[in-house]
Amino acid sequence: MGETGGTALFGGTFDPIHNAHIEIARAAADRFDLAKILFVPAANPPHKPGGATALYEDRVRMAELACAVDPRFEVSRIEEGEARSYSILTIEKLQAGGVNPLSFLIGADAFAEIRTWYRWQDVLKSVEFIVVTRPGAVTRPGASWEIPPGARVHELAGLHLPVSSSDIRRQLVEGASRVAVPQPVLDYIREHGVYRSQPA
């Protein structure tokens with residue numbers, strides 16, 4: 001990485017935010033000496049045609065509850081609104097506001113699709129990437145996918161976190177008593193009935 005003490009942008013639908021998100025953020029902050037992990041819930045994610053299941057306000061509030069466990073974690077509403085949540089526009093807004101150095105915390109599956117992103121070449125030029133890989137996965141050229149030329153990539157490996165938001169939503173709809181989300185998030189979901197009548 002470049003300078004220490006920077007900020008990592010951690011975007012996603014967070015539908016809902018879960019324990020693996022928190023562990024990934026904590027590991028990235030620890031390993032790369034980051035001062036802040038900025039969680040950015042997407043209002044209208046372009047790569048999810050059906051959008052998010054929970055309302056934006058609920059997803060933001062759940063993220064705020066989950067992020068209270070670490071002073072390095074912060075939730076941003078920078079993508080709030082009806083416009084599509086394109087990463088390059090968020091990056092440019094943050095950098096214009098003085099957020100530097102800025103890195104991008106992302107899962108390997110999402111990074112593998114980066115060439116499909118809006119203005120992806122500009123994204124590569126603007127930030128360094130911290131790519132979260134599954135155990136046994138490799139993010140180097142010659143693997144099942146390649147790092148685009150010019151991308152500055154740092155691998156965050158060794159995390160075994162078999163948790164997905166879709167599985168959690170299904171478990172909640174089925175009435176599971178224990179799911180892999182922070183307790184304040186689970187309390188919020190139950191109190192507000194966030195996923196009670198929605199499809200998994």
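Owing to the predicted nature of the structure, the values given are computational and were not obtained by experimental measurement.
With rounding to the nearest 0.5 Å, the separation of CD1 in I17 from CZ in R61 is 12.0 Å. Expressed to the nearest 0.5 Å, how far OG1 of T53 lies from CG of L172 amounts to 11.0 Å. A distance of 11.5 Å separates CD1 in I24 from CD1 in I130, rounded to the nearest 0.5 Å. Note that CD1 of I88 is 9.5 Å distant from NZ of K125, once rounded to the nearest 0.5 Å. Rounded to the nearest 0.5 angstrom, I106 CD1 and E113 CD are separated by 9.0 Å. The distance from the OG atom of S87 to the CD atom of E92 is 11.0 Å, given to the nearest 0.5 Å.
Listed by chain and residue number, R170 satisfy the salt bridge (charged side-chain N to carboxylate O under 4.0 Å, His left out) test with E174 (two or more places apart in sequence, or in another chain). Y86 pairs by the ring pair (Phe, Tyr, Trp, His ring centres under 6.0 Å) definition with Y118, not counting sequence neighbours.
When all heavy atoms of A25 and L105 are compared, the pair lying nearest together is CA-CD2, 4.2 Å. A pairwise comparison of heavy atoms in R152 and V127 identifies NH2-O, 3.1 Å as the closest pair. Residue P16 comes nearest to I168 through the heavy atom pair CG-CG2, 3.8 Å, listed as atom of the first residue, atom of the second, then distance. Taking every heavy atom of both residues into account, H18 and S165 meet most closely at CD2-OG, 3.3 Å. Scanning all heavy atoms of the two residues, the minimum distance from V185 to A66 falls at CG2-CB, 3.8 Å. Looking at every heavy atom in both residues, E79 comes nearest to S85 through OE1-CB, 2.9 Å.
A donor-acceptor pair under 3.5 Å links the side-chain atoms of N44 to the main chain of A83, judged by distance alone. With hydrogens and angles ignored, the 3.5 Å screen pairs no side-chain donor or acceptor of T7 with any backbone N or O of L102. The main-chain N or O of V194 is never found under 3.5 Å from a side-chain atom of H192 such that the two would form a donor-acceptor pair. For R169 (side chain) and S164 (main-chain N/O), no donor-acceptor pair under 3.5 Å exists by modelled atom type. A distance-only check finds a donor-acceptor pair linking the side chain of R59 to the backbone of T13 [under 3.5 Å]. Here the side chain of E23 pairs no donor or acceptor atom with the backbone of L159 at under 3.5 angstrom.
Between the side chains of D15 and Y195, at least one donor N or O lies within less than 3.5 Å of an accepting N or O. Side chains of S103 and E128: a donor-acceptor N/O pair is absent below 3.5 angstrom, by distance only. Side-chain contact annotation: D187 with Q183, donor-acceptor N/O pair under 3.5 Å present. Using modelled atom types, one finds a donor on one side chain and an acceptor on the other under 3.5 Å when comparing D58 with Y188.
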Under the criterion side-chain contact (heavy atoms from CB on, under 4.5 Å), I'd like the reasoning laid out for E80 against Y56: C-alpha separation, chi angles, the key distance, then a yes or no. CA-CA 8 Å; E80 185 172 13; Y56 177 75; 3.5 Å; yes
Stepwise side-chain contact (heavy atoms from CB on, under 4.5 Å) check, V131 with H154: CA-CA 6 Å; V131 179; H154 308 274; over 6 Å; no
Please lay out, stage by stage, how R26 and I22 fare under the test side-chain contact (heavy atoms from CB on, under 4.5 Å). CA-CA 6 Å; R26 184 175 284 126; I22 298 303; 4.0 Å; yes
Show your working on side-chain contact (heavy atoms from CB on, under 4.5 Å) between V123 and F129 and close with a plain yes or no. CA-CA 10 Å; V123 175; F129 291 88; 3.7 Å; yes
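Looking at heavy atoms from C-beta onward, N19 lies out of side-chain contact with V163 at the 4.5 angstrom threshold. Inter-residue side-chain proximity for V40 and F14 is flagged as unmet; no heavy-atom pair is nearer than 4.5 Å. A 4.5 Å side-chain heavy-atom check between P148 and I114 finds at least one atom pair inside the cut-off. For the pair N100/L94, no side-chain contact is recorded, criterion being any heavy-atom separation below 4.5 Å from C-beta on.
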Taking only distance into account, with no hydrogens and no angle test, what donor-acceptor pairs under 3.5 Å do side-chain atoms of residues 67-76 form with protein atoms, sequence neighbours excluded?
from: D70; atom 1: OD1; to: R72; atom 2: N; distance (Å): 2.8
from: D70; atom 1: OD1; to: R72; atom 2: NE; distance (Å): 3.0
from: D70; atom 1: OD2; to: R72; atom 2: NE; distance (Å): 3.4
from: D70; atom 1: OD2; to: R72; atom 2: NH2; distance (Å): 2.9
from: R72; atom 1: NH1; to: D30; atom 2: OD1; distance (Å): 2.7
from: R72; atom 1: NH2; to: D30; atom 2: OD1; distance (Å): 3.2
from: E74; atom 1: OE1; to: K36; atom 2: NZ; distance (Å): 2.9
from: S76; atom 1: OG; to: I78; atom 2: N; distance (Å): 3.1

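Here R31 does not pair with E155 in a salt bridge; the nearest charged N to carboxylate O distance is not below 4.0 Å.
The aromatic rings of H21 and F10 stand perpendicular to each other, their planes meeting at an angle above 60°, with 30° marking the opposite boundary.
Taking the six-membered ring for Trp and the full ring otherwise, the centers of F104 and W120 sit at least 6.0 Å from each other.
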